[in-house]
Amino acid sequence: MEGLSSSITCSDEYRLLETYCQRRKPSSRLKQSACMYMEAQTGGAKYGNVTEKLTRIVDSGLLLDEDVEPDSPYTDDNADFIDKLVDLLKKSGDALNEKIEKDHELLGNLRSTLSYALFERLTTSFIKSVVPENLQSRSKHEIALTFEVTSRLRALDLHPMNRVMGFGAQYLQKNFAPWVKEHGGWEKAFDDNDDDEVH
């Protein structure tokens with residue numbers, strides 16, 4: 001996935017991820033894609049409104065419960081690696097890059113194996129370890145956490161940022177596109193009065 005297709009980089013999901021990363025790291029100068037630049041010129045406020053809602057969901061306290069133990073559904077050699085990354089993603093916030101750089105084995109493994117398959121497994125494990133099964137607005141929280149995982153991995157600067165963002169956009173499309181469409185698109189899916197779930 002060295003060169004991302006324009007169907008990914010010009011997708012709403014990718015542009016929302018760019019906006020979300022800018023919101024989470026306001027001091028960094030995130031290079032805008034050509035599609036995001038065009039959207040900003042023609043009414044990009046819709047992305048800001050959605051990312052504001054996603055940020056509120058993430059900041060509502062989901063990541064404060066550090067006593068939650070990950071339930072890894074994987075039993076292969078990468079399970080420990082994924083569990084360790086999930087733990088770091090949950091607890092470290094802005095210090096993530098520093099903590100991973102100190103763990104040379106983890107850093108080397110991440111640099112050599114980051115692929116969409118690993119991103120997918122990591123994101124799924126992270127979500128399962130944080131979002132309670134009985135949460136009424138589960139899909140909203142899962143989507144918001146996908147944005148947060150993408151943002152935190154993008155901040156590691158291990159790969160070109162568009163690669164991690166492309167993985168995030170692909171994960172969102174694969175797992176949540178029907179739910180978002182069913183709930184009126186990105187602009188309406190996160191309205192506070194709508195807590196319906198995927199059936």
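Starting from 1, each residue takes its place in the sequence as its number.
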Kindly write out the residues that satisfy side chain to side chain donor-acceptor pair (under 3.5 Å) with [X], not counting sequence neighbours, or none if the list is empty.
{"X": "Glu187", "value": "none"}
{"X": "Glu148", "value": "Tyr20, Arg24, Arg152"}
{"X": "Thr51", "value": "Arg23"}

Is the closest side-chain heavy-atom distance between [X] and [Y] below 4.5 Å?
{"X": "Val164", "Y": "Leu114", "answer": "yes"}
{"X": "Asp87", "Y": "Asp83", "answer": "no"}
{"X": "Asn175", "Y": "Glu142", "answer": "no"}
{"X": "Ile82", "Y": "Leu118", "answer": "yes"}
{"X": "Trp179", "Y": "Ile143", "answer": "yes"}
{"X": "Leu17", "Y": "Leu172", "answer": "yes"}
{"X": "Phe190", "Y": "Asn49", "answer": "no"}

query: Between Arg15 and Asp12, is there a side-chain N and carboxylate O pair less than 4.0 Å apart?
result: yes

field: Sidechain N-carboxylate O distance under 4.0 Å for Lys128, Glu133
entry: no

field: Expected output: side-chain Lys53 to main-chain Ala144 donor-acceptor under 3.5 Å
entry: no

task: Check whether any side-chain N or O of Arg138 sits under 3.5 Å from a backbone N or O of Val131 as a donor-acceptor pair, and report yes or no.
output: yes

- request: Start with the C-alpha distance between Lys84 and Asp103, add both sets of side-chain angles, then the distance that settles side-chain contact (heavy atoms from CB on, under 4.5 Å), and finish with yes or no.
  value: CA-CA 11 Å; Lys84 192 171 188 176; Asp103 188 332; 2.5 Å; yes

Nearest 0.5 Å, what's the [atom1]-[atom2] distance between [X] and [Y]?
{"X": "Ser115", "Y": "Arg163", "atom1": "OG", "atom2": "CZ", "result": "7.5 Å"}
{"X": "Cys21", "Y": "Leu16", "atom1": "SG", "atom2": "CG", "result": "11.0 Å"}
{"X": "Glu18", "Y": "Ser151", "atom1": "CD", "atom2": "OG", "result": "12.5 Å"}
{"X": "Lys174", "Y": "Glu13", "atom1": "NZ", "atom2": "CD", "result": "14.5 Å"}
{"X": "Ile8", "Y": "Gln173", "atom1": "CD1", "atom2": "CD", "result": "4.0 Å"}
{"X": "Met165", "Y": "Thr9", "atom1": "CE", "atom2": "OG1", "result": "10.5 Å"}

message: Testing Thr124, Val149, Leu122 one by one against Tyr171 for a side-chain contact (heavy atoms from CB on, under 4.5 Å), which residue passes?
response: Thr124

- prompt: Between Trp186 and Phe147, what is the ring plane arrangement, given parallel below 30°, perpendicular above 60°, and tilted in between?
  reply: perpendicular

field: Leu153 vs Phe167, side-chain contact (heavy atoms from CB on, under 4.5 Å): CA-CA, chis, key distance, verdict
entry: CA-CA 10 Å; Leu153 288 175; Phe167 293 160; over 6 Å; no

